[in-house]
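Worksheet: one structure, shown below.
Because the structure is a prediction, the values reported are computed rather than measured. Counting from 1, the numbers follow the sequence of the chain as shown. The basis for the numbers below is simple: all heavy atoms, side chains too, and nothing from hydrogens, waters or symmetry mates.
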Amino acid sequence: RNGVLRAAMSRGKAAPNMCIIGCGRVDGQPQILVGHHDDDIVSLTAYQQAREAVGKGKGKFGAVRKRQEQRALSQCRGAISAWVAALSQLFEDMPPEPGMFDVVIIDEASQAGVEASILHYLAPTVIVIGDDKQVAPTNIRVNVGDLMSLVRSYLSRIAENLRTIYTRREASFFDQAKLRSLPITLREHFRCVPEIIQFSNEQFYKPAGKSLIPLRQTGTDRLPPLPHTYVENGYRRGPVNPPEADAVVEAVCRCVDDPA
């Protein structure tokens, strides 16, 4: 469970109590930064020690150690201004309470499904960050009939145009947020080289009336980001071009075997 939960703290209690949720992988060990009152340091140190004692959470006293860790966390939570956690493991260390945070920020919300709705229980303000052009939730094993039955039983008080989305197993938390407020598009893009994000622009963003601005600077000695390779004797078998697929596999194998 390395990196499930991290804490970012500031001196004093002026900052709001905030939780930042990641729907992808959250890396790094729990962090304790000095700059608090003595009581806070004692509580934080006790939590860190309790967490280390849990280990893999197995064995005769695994459940007992886990409860000790949760109690230690509840005693030091007020000393920490911002928590960073993965949505899938948020409550392993932190039992849910209504309004336990002032603000919750969820990143990669297009990858989160209906289970992320509990974030509204945790804070009066939820800031949703995501991109509906990216990966959607993969709830293919969920029975749509069961979803419809649950919606009829428990969400009948919600307006129909707001509750219908809960019957779609591919709907994301980002989709839910778009029903309730207009999204603000962040157009500046820092991660990809211009050629890569230009491909995304042409395929996804420009048809929707948007365009991302690449800001990453690259050197003159870089590898070509989008080399074109012509494959002879290509043909389609349904949606698949077998010679092109074979060429891609061969190219990947060459890259893996290349010591450079």
Side-chain angles (χ1 to χ4, degrees), residues 1-6 20-29 56 84-90 106-116 128-144 168-178 183 185-260:
R1 293 188 304 111
N2 289 344
V4 171
L5 195 59
R6 288 183 290 167
I20 304 172
I21 305 297
C23 294
R25 181 177 177 180
V26 180
D27 293 322
Q29 293 286 349
K56 295 183 179 180
V84 183
L87 177 62
S88 59
Q89 297 171 311
L90 175 61
I106 177 170
D107 192 19
E108 300 290 359
S110 61
Q111 299 180 31
V114 65
E115 70 278 359
V128 181
I129 303 172
D131 187 346
D132 56 2
K133 305 300 182 185
Q134 296 184 4
V135 179
T138 54
N139 298 321
I140 57 176
R141 295 183 179 181
V142 176
N143 185 286
V144 175
R168 294 169 43 214
R169 60 187 177 190
E170 75 280 4
S172 70
F173 191 64
F174 187 80
D175 294 327
Q176 297 178 34
K178 289 197 299 182
T185 301
L186 305 179
R187 298 184 59 204
E188 296 179 338
H189 185 84
F190 297 89
R191 180 178 300 173
C192 299
V193 296
E195 292 86 349
I196 296 294
I197 200 59
Q198 184 61 29
F199 174 84
S200 299
N201 273 333
E202 296 293 340
Q203 296 294 321
F204 305 106
Y205 297 110
K206 284 186 178 179
K210 305 172 184 178
S211 183
L212 302 185
I213 303 171
L215 297 181
R216 178 174 175 179
Q217 298 181 353
T218 58
T220 57
D221 58 343
R222 63 174 183 160
L223 295 173
L226 286 175
H228 298 277
T229 302
Y230 177 73
V231 179
E232 295 183 354
N233 303 319
Y235 64 91
R236 286 191 176 275
R237 183 185 298 159
V240 179
N241 188 321
E244 284 191 356
D246 292 337
V248 170
V249 172
E250 292 174 1
V252 171
C253 291
R254 287 195 301 272
C255 291
V256 172
D257 295 335
D258 189 342

- request: Begin with the C-alpha distance, continue with both residues' side-chain angles, and end with the deciding distance and a verdict on side-chain contact (heavy atoms from CB on, under 4.5 Å) for C192 and R216.
  value: CA-CA 7 Å; C192 299; R216 178 174 175 179; 5.9 Å; no

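- Within the 3.5 Å criterion, the main-chain N or O of V142 finds a donor-acceptor partner in the side chain of R169.
- Residues D175 and E170 fail the side-chain proximity criterion, which asks for heavy atoms closer than 4.5 Å.
- Atom NE2 of residue H189 and atom CD1 of residue I213 lie 12.0 Å apart, to the nearest 0.5 angstrom.
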Enumerate donor-acceptor pairs with a distance under 3.5 Å from any side-chain N or O in residues 234-242 to protein atoms, sequence neighbours excluded.
from, atom 1, to, atom 2, distance (Å)
Y235, OH, R237, NH2, 3.3
R236, NH1, P239, O, 3.4
N241, OD1, Y235, N, 3.4
N241, OD1, E244, N, 3.4

Listed pairs under 3.5 Å, donor-acceptor, residues 194-208 side chains, sequence neighbours left out:
from, atom 1, to, atom 2, distance (Å)
E195, OE1, R222, NH1, 3.1
E195, OE1, R222, NH2, 3.3
E195, OE2, R222, NH2, 2.4
Q198, NE2, E202, OE2, 2.8
N201, OD1, L212, N, 2.8
N201, ND2, L212, O, 3.0
E202, OE2, K206, NZ, 3.1
Y205, OH, D131, OD2, 2.4

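- Taking 4.5 Å as the limit, every side-chain heavy atom of N233 sits out of range of all side-chain heavy atoms of P243.
- For F174, there are no ring-ring contact (aromatic ring centres under 6.0 Å, His included) partners two or more places apart in sequence or in a different chain.
- F173 is listed as a side-chain neighbour of V128, based on a closest heavy-atom distance under 4.5 Å.
- A116 and L87 get closest at one heavy-atom pair: CB-CD2, 3.8 Å.
- Atom CD in Q111 sits 9.5 Å away from atom OG in S172 (nearest 0.5 Å).
- Note that CG of D132 is 3.5 Å distant from NZ of K178, once rounded to the nearest 0.5 Å.
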